[in-house]
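All residue numbers in this chain count up from 1 along the given sequence.
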Amino acid sequence: SIEDTIYVVTNFHVIESCVADNSRPIVIIDAVPHSAQVNSVDEFNDVAFLTTGSVVTGLPTGSPPLIGHWVMAIGNPGGLDRSVNFGNVSNIDEGWIVTDAAINPGNSGGPLFNSAGEVIGINTKKLIGGGFDQMGFAHLLRTLCDELVRCDETTWQ
């Protein structure tokens, strides 16, 4: 949350069709659907901030990880709701967390957690082909803050 506003952060490609047809995305929180509003998007970096009028509890957020830190990616790959993949931070590069935790279609827009259960990034993409194996990318929260919403210097350091 930023300034008492709870944001639902996801990837732009996840809600792109809602933006195209001017419809409201539906977010599922604790198995309950909530109507959301697109607050801001960054198509180039494939991120979107949504808000909802529903009362929801935000997830705890953490500081950027270090190389070697343990991480957990949660998503819905292949329709397997709330699937969990574990891995480590391989690198931090220009606003991206590089991880060997499996990031697959359906993990997009889901949280990347640290070992304390705090969100540290938003799962976004992976490299495929070219001999790459388990090289996924998540946006660092601080980068999202700088790009899409106004944050003070203490938010997501």
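For the atom pair CG of Asn39 and CD of Gln37, the computed distance is 7.0 Å after rounding to the nearest 0.5 Å. Going from atom OG of Ser17 over to atom CG of Asn22 covers 12.0 Å, rounded to the nearest 0.5 Å. Rounding to the nearest 0.5 angstrom, the gap separating the CG atom in Leu112 from the CG atom in Asn85 is 10.5 Å. With values rounded to the nearest 0.5 angstrom, Ser108 atom OG is found 13.0 Å from Phe12 atom CZ.
For the residue pair Ile92 and Leu140, the shortest heavy atom distance occurs at CG2-CD1, 3.8 Å. Between Thr124 and His13 the shortest heavy-atom distance is O-CE1, 4.1 Å. For Asp46 against His139, the heavy-atom pair with the smallest separation is O-NE2, 4.3 Å. Ile128 and Lys126 get closest at one heavy-atom pair: CG2-CE, 3.4 Å. In terms of heavy-atom proximity, Ala102 sits nearest to Asn107 at O-OD1, 3.9 Å. Closest of all the heavy-atom pairs between Ile103 and Phe137 is CG1-N, 4.4 Å.
Looking only at side-chain heavy atoms (C-beta outward), Leu50 and Val38 come within less than 4.5 Å of each other. Looking at heavy atoms from C-beta onward, Ile26 lies in side-chain contact with Pro33 at the 4.5 angstrom threshold.
Atom CG of Asp93 has more than 12 neighbouring heavy atoms from other residues, nucleotides or ligands inside a 6.0 Å radius.
Partners of Leu80 under the side chain to side chain contact (heavy atoms under 4.5 Å, CB included) rule, at least two apart in sequence or in another chain, are Ser83.
A donor-acceptor pair under 3.5 Å links the side-chain atoms of Asn123 to the main chain of Pro111, judged by distance alone. A donor-acceptor pair under 3.5 Å is absent between the side-chain atoms of Asn45 and the main chain of Val47, judged by distance alone.
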Check step by step if side-chain contact (heavy atoms from CB on, under 4.5 Å) holds for Trp70 and Asn88. CA-CA 4 Å; Trp70 175 91; Asn88 294 292; 4.3 Å; yes
side-chain contact (heavy atoms from CB on, under 4.5 Å) assessment of Phe113 paired with Val119: CA-CA 4 Å; Phe113 288 98; Val119 178; 3.5 Å; yes
Begin with the C-alpha distance, continue with both residues' side-chain angles, and end with the deciding distance and a verdict on side-chain contact (heavy atoms from CB on, under 4.5 Å) for Phe49 and Thr51. CA-CA 7 Å; Phe49 274 40; Thr51 54; over 6 Å; no
For a side-chain contact (heavy atoms from CB on, under 4.5 Å) check, start with the C-alpha distance between Val41 and Ile15, then their side-chain angles and the critical distance, and finish with the verdict. CA-CA 10 Å; Val41 300; Ile15 57 102; 4.2 Å; yes
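Each of Ile97, Asp100, Ile67 was scored for a side-chain contact (heavy atoms from CB on, under 4.5 Å) with Ser90, with one residue passing: Asp100.
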